[in-house]
There are 2 protein chains.
Amino acid sequence: MKAAAARKPAPRLSRAARTEALLHAARAVFAAKGYEQAAVAEIAARCGVVEGAVYKYFPTKRALLLAVLARWYEEMFGDYARELASIDGARERLRFLIERHLRSIRDWPQLCRLMFREVRAQPDYPDSPLYALNRRYSGLLLRVIEEGAAQGEFRADLSPRLVRDLIFGGIEHHTWRYLADARTPASRRAARAPDIARLADPLTRLVCEGLMPRAPTRRKRA
Amino acid sequence: MKAAAARKPAPRLSRAARTEALLHAARAVFAAKGYEQAAVAEIAARCGVVEGAVYKYFPTKRALLLAVLARWYEEMFGDYARELASIDGARERLRFLIERHLRSIRDWPQLCRLMFREVRAQPDYPDSPLYALNRRYSGLLLRVIEEGAAQGEFRADLSPRLVRDLIFGGIEHHTWRYLADARTPASRRAARAPDIARLADPLTRLVCEGLMPRAPTRRKRA
DNA sequence: GTTTTTGGTGAGTCTAACTCACCTTCGGCG
DNA sequence: CGCCGAAGGTGAGTTAGACTCACCAAAAAC
C-alpha cells in the first residue's frame, strides 16, 4: 500500500524516446500474451503512461504490432545476405538458410507466431512494409535455388517457388507445436525447442536428395 | 418499409433441428467473414432467432466454430482411407494424398483458413476433438511414408514425421496466398485457385526425387 | 516573459460477446 | 379437455477492451 494507488504524475519523453519505449514494452507484452490477449492499457502502463497516450504514436493496436515485428525483422535479417555471400555451393547455402530459419523460430517463437497468425493472414498484409521485408528475406532462399538450378547443381524442371515454399512451409509445420506452445513459461517447459543440429541436416538431405533411395548416392565432385 | 422493422414472432424447432440450422448458418458466415468479423448475432438472424438463443446450444462463439469445423472434417475425410486402400505403390499413394489435400484447399479455402488460423494456433487445440480428427487424417500420410520405408520403396533414414510435415506444410505455404485472399467473392477473382493438375505432380517428384538431379533418373520396375 | 507546440490525461463512446430473468409454446398425463 | 412441467426463445441487460476527444501543462521557440 505504499503507493496508495498513486495517481501518475507525468514523466515526459521526446517522441523518438517514447516510441522506443512503447515498442519495447509492446514486444514483451505481445510475446507473452499474443495479440488478442494483449491489452493496450498494459503496454501503456509498462511505460508509465495512460492508454490514450499510445494512440498519439500508433493509430491502432494493429499498427503497433506491425511496428514491433518490422523492428524485429530488421534486427534479425540485417546481415543474412552478407553471411550468405561467403558460402560456396548451392547445397551448402541451402543448408545455411535452413539452419538460420530454424534458429529464428527457436529463439523467437512468440514473434514468429504473431507473424504467421496475426500478420500474414490479414488481407492488408501484401501492402504492408512487413511484406516487403519478408520478400527480401525469402528472396534469399529463392535466389539460392535459382542459382543452383542455373549452374546445374539443382535440377531445373521444378518451380523454384515451389521448392522455397516446401522448405519454409515444411519447417513451419514441423515446428508448429513448439510455436503454439511456447508462450507462457509454464507451457514452455512442455514444448521442447527444436533441436537444430538434428533437424537442419535431414531437412537438407530430404530436399536435395528426395525421399526415394539413390542407387549409390553418387555425389558430384566439382 | 414493407416489413416495418417487423418484430420476430417465433418459429420453433427441436433441439436437433435448431442445432443443424445454426451449424449451417455459422459455416456460411464464418466462411464469408472469418472468425473475428463474424457476428454471433448475424448467425442467429439467419436462423430467424435472436442472439441469446445461440448460447442455448453452444456455450461460446468459439465452440460454435469448432463444431462447424468438426462437422466439415467428418464430411470430408469420411472415405479417404477406403479410397487409399485401393491404390498400389507408395509413390502413387503419396501422390493421391497430395492431390486430395490440394483439392480440399481449393474447394474450401475459407474453412481451411479457419482451421489453420483460428483453431490450430490455440492452446486448447491439442485437447479438442478436432485435433483427434486431424491426427486421423494426417496419419494416413504418415502411414504411407512409413510403409513405403518399410518396403524399401522410400529411404528409411529420414523421420517420417519430418517428411509428412514437409508435404503438408509445403502445400499450405504454397497455397497461402489463395487461402488468405479467397474470402469475399470480390477478392476471389484476384486469387487464382491452385491448379491441382500442375501442382500435384511436381510436388510428388520433388518430395520423392529431391532437388538434385539423378544420373539417368532410374525408375525401379516392380 | 510570452506564445506555441506537443506529450500526457482521464473521462468518455462504441461494439460485440455473453448472461439472465422471464415468457410462451409444446408434449405428456390425469 | 385442462393442467403442468420442460424446453425453445426473447430482449434487456453487463462487461471488456479498442479507440476518441477536450483539455492541461511542460518544454521549446521567439
Side-chain angles (χ1 to χ4, degrees), chain A residues 3-26 28-30 32-68 114 117-119 122 124, chain B residues 3-26 28-30 32-68 114 117-119 122 124:
Chain A
R7 66 195 65 254
K8 303 164 186 171
R12 193 159 170 152
L13 296 180
S14 73
R15 187 162 190 85
R18 183 60 75 200
T19 302
E20 204 63 28
L22 283 171
L23 285 173
H24 185 75
V29 174
F30 281 138
K33 304 268 188 92
Y35 180 70
E36 287 169 38
Q37 293 299 313
V40 175
E42 182 182 349
I43 295 169
R46 289 208 186 190
C47 297
V49 297
V50 89
E51 184 175 7
V54 175
Y55 292 93
K56 287 279 169 63
Y57 299 87
F58 300 95
T60 65
K61 182 185 178 185
R62 179 163 191 80
L64 177 54
L65 173 71
L66 295 184
V68 165
L114 287 169
R117 182 177 143 72
E118 305 299 339
V119 179
Q122 229 60 26
D124 57 349
Chain B
R7 65 195 66 257
K8 304 167 190 171
R12 193 161 171 149
L13 296 181
S14 72
R15 187 161 190 87
R18 182 61 75 201
T19 302
E20 204 63 27
L22 283 171
L23 285 174
H24 185 74
V29 175
F30 281 138
K33 304 267 188 91
Y35 180 69
E36 287 169 40
Q37 292 300 313
V40 175
E42 182 182 349
I43 294 169
R46 290 207 185 191
C47 298
V49 297
V50 90
E51 184 174 8
V54 176
Y55 292 92
K56 288 278 170 62
Y57 299 87
F58 300 94
T60 65
K61 181 185 179 186
R62 180 164 191 79
L64 177 53
L65 174 72
L66 295 185
V68 164
L114 287 168
R117 181 177 144 73
E118 305 299 339
V119 179
Q122 229 59 25
D124 58 349

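In what follows, every chain begins at residue 1, and chains take the letters A, B, ... in the order their sequences are listed. Just so it is clear, the model here is predicted, and its values are computed rather than measured.
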- Message: With hydrogens left out and only the distance checked, is there a donor-acceptor pair under 3.5 Å joining B/Arg12's side chain and the base of D/dA7?
- Response: yes

- Under a 4.0 Å N-O cut-off, is there an ion pair linking B/Lys61 with B/Glu118? no

- Query: How many Å lie between CD1 on A/Ile43 and P on D/dG17, as a whole number?
  - Reply: 13 Å

- Task: Whole angstrom is fine here: how far is it from CD in B/Glu51 over to P in C/dC20?
- Result: 15 Å

- Task: With the side chain counted from C-beta on, respond yes when A/Gln37 and A/Glu42 share a heavy-atom pair under 4.5 Å apart, and no when they do not.
- Result: no

- Query: With a 4.0 Å cut-off on heavy atoms, is A/Ser14 in touch with a base, just the backbone sugar-phosphate, or nothing at all?
  - Reply: nothing

- Task: Could you check how far CZ of A/Arg62 sits from C1' of D/dA18, rounded to whole Å?
- Result: 14 Å

- To the nearest 0.5 Å, atom CZ of A/Arg62 lies from atom CD of A/Gln122 at 4.0 Å

- Note on the structure: Atom CD of B/Glu36 and atom P of C/dC18 are separated, to the nearest Å, by 13 Å

- Classify the nucleic acid contact of B/Ala63 as base, sugar-phosphate or nothing, counting any heavy atom under 4.0 Å across all strands shown. nothing

- Message: Under 4.0 Å, heavy atoms only, any strand: does B/Phe58 hit a base, just the sugar-phosphate, or nothing?
- Response: nothing

- Query: Phosphate oxygens OP1/OP2 of C/dG8: is one of them under 4.0 Å from a side-chain N or O of A/Arg18?
  - Reply: yes

- Comparing A/Tyr35 and B/Tyr57 on DNA chain D - which has the more 5′ nearest nucleotide: B/Tyr57

- Query: For A/Gln37 and D/dA18, what is the distance between atoms CD and C1' respectively, to the nearest whole Å?
  - Reply: 14 Å

- Query: Any side-chain N or O of B/Tyr55 less than 4.0 Å from the OP1 or OP2 oxygen of D/dG9?
  - Reply: no

- Taking CG from A/Leu13 and C1' from C/dT9, how many angstroms apart are they, rounded to a whole number? 15 Å

- Remember a base hit wins even if backbone is also touched, and classify B/Ala53 as base, sugar-phosphate or nothing at under 4.0 Å, heavy atoms. base

- Message: Any base atoms under 4.0 Å from B/Ala17, or only sugar-phosphate, or nothing? Heavy atoms, all strands.
- Response: nothing

- Message: Output the rounded distance in Å from CG (B/Leu64) to P (C/dC18).
- Response: 10 Å

- Item | Spacing between A/Lys61 atom NZ and D/dA16 atom P, to the nearest angstrom | 15 Å

- Message: Using OP1 and OP2 only, check whether a side-chain N or O of B/Arg15 sits under 4.0 Å from D/dG8.
- Response: yes

- With respect to the phosphate group of C/dG7, does any side-chain polar atom (N or O) of A/Lys56 fall under 4.0 Å of OP1 or OP2? no

- Query: Would you say the side-chain atoms of B/Tyr57 pair up with the backbone N or O of B/Leu64, donor to acceptor, closer than 3.5 Å?
  - Reply: no

- In short, A/Val54 meets A/Ala44 closest at the heavy-atom pair CG2-CB, 3.6 Å

